[in-house]
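Here is the structure we will look at, set down as structure tokens.
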Amino acid sequence: MAEVSPSILAADFAALGEQIRQAESGGARMLHVDVMDGHFVPNISIGIPVVESLAKATDLILDCHLMVDNPEDYAKAFIDAGAKMVTVHQEACPHLGRLLGQIRDNGAAAGVALNPATPLSTLDEVLGQVDLVLIMSVHPGFGGQSFLPASLDKVRRLSALRRHAGHAFRIQVDGGVSLDNAGLLAEAGCDILVAGSSVFGADDIAGAVRALSARANLPALASA
Ligand code: DX5
Ligand code: ZN
């Protein structure tokens, strides 16, 4: 059973309010906000003022994915702007445990993201203090890329590890999520499917959220 977090990276920014309302009418409860600084990833997207505007315009849970260097300098500002979930990259955090604690202390859920080449073992020491683990299923920086199939096994292994250790964090997958893999990902243990182009690139945004959610809630059928 997984839910969809539509990524506004693929939205029409000139029509953002209306497109978000459509995603919400399709059943979305959260909104994925991709923040890129042109350093940690080779692209620049949006930042704190946009989160501030979103927080005024919607009740959806703002799920901010910080693809930035030095995320410790910005996490609190995103929370103050309205982010309810803040995810930082393991690769950008030499003092990961401290930052995760600060995110929680400031009232948001604390997430940590792993690039495709970063092993799960890099999180061994912090799994007890995270609310969310984001498995990148593309190399971060751009929407519209193809899902990396090895991500599926990574989700399975993380899900097994969570079960054995009795942790409660949620598992999120981001990149190339579509009707082709939503069921398999949910079945593998994913709780939140981030979807950009497969939602905001669709003619019927609400219908795309509904279709992905339905697929993610019938994993056995989808993989048959
Ligand atoms: C990529 C971003 C993703 C992106 C996903 O670096 O983190 O959230 O928006 O887009 P799609 O769903 O098009 O792969
Ligand atoms: Zn993202």
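Keep in mind the model is a prediction, meaning the values are calculated, not measured. Note that ligands are numbered from 1 as they come in the structure, with each ligand's atoms numbered from 1 the same way.
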Distance filter under 4.0 Å to Gly143 heavy atoms, resulting ligand 1 atoms: 10 (O), 13 (O)
So, do Met136 and His89 sit near enough that their side-chain heavy atoms are less than 4.5 Å apart? yes
Would you kindly say whether Ser45 and Asp34 are connected by a side-chain donor-acceptor distance under 3.5 Å? no
Note the single closest protein heavy atom to atom 13 (O) of ligand 1, along with its residue, its atom name and the distance in Å. Ser197 OG, 2.4 Å
Where is the nearest protein heavy atom to atom 6 (O) of ligand 1: which residue, which atom, and how far? Gly141 N, 2.8 Å
Give the atoms of ligand 1, by number and element, whose distance to some non-hydrogen atom of Pro140 is under 4.0 Å. 6 (O)
Min heavy-atom dist Ala10 to ligand 1 below 4.0 Å: no
Check ligand 1 against His65 and write out every atom of the ligand that is under 4.0 Å from a heavy-atom position of the residue. 7 (O)
Distance from atom 14 (O) of ligand 1 to nearest protein heavy atom, with residue and atom: Gly176 N, 2.8 Å
Atoms in ligand 1 with a heavy atom of His32 nearer than 4.0 Å: 8 (O)
How far is atom 12 (O) of ligand 1 from its nearest protein heavy atom, and which residue and atom name does that atom have? Gly196 N, 2.8 Å
Between Glu18 and Arg21, is there a salt bridge with N-O shorter than 4.0 Å? yes
Please output the side-chain donor-acceptor pairs of residues 141-151 that fall under 3.5 Å, not counting sequence neighbours, one pair per line with the distance.
| unit_1 | atom_1 | unit_2 | atom_2 | d |
| --- | --- | --- | --- | --- |
| Gln145 | NE2 | His139 | O | 2.8 |
| Gln145 | NE2 | Phe142 | O | 2.9 |
| Ser151 | OG | Leu148 | O | 2.5 |

Go through ligand 1 atom by atom and flag the ones less than 4.0 Å from a non-hydrogen atom of Phe142. 1 (C), 6 (O)
Atom 4 (C) of ligand 1: closest protein heavy atom, distance to 0.1 Å, is Asp34 OD2, 3.6 Å
Answer with yes or no whether the side chains of Gln90 and Thr118 bring together a donor and an acceptor at under 3.5 Å. no
Numbering as shown, the atoms of ligand 1 that approach Met67 to under 4.0 Å (heavy-atom distance): 6 (O), 7 (O)
Considering the Zn ion (ligand 2), could you give the total of protein N/O/S atoms lying closer than 2.8 Å? 4
With a 4.0 Å cut-off on heavy atoms, does Gly144 reach ligand 1? yes
I need the nearest protein heavy-atom contact for atom 5 (C) of ligand 1: residue, atom name and distance, please. Asp174 OD1, 3.5 Å
Spacing of CZ belonging to Arg29 relative to CG belonging to Asp59, to within rounding of 0.5 Å: 13.0 Å
Which of the numbered atoms in ligand 1 are under 4.0 angstrom from any heavy atom belonging to Val194? 8 (O)
Atoms of ligand 1 close to Gly175 [distance to a heavy atom under 4.0 angstrom, numbered from 1]: 14 (O)
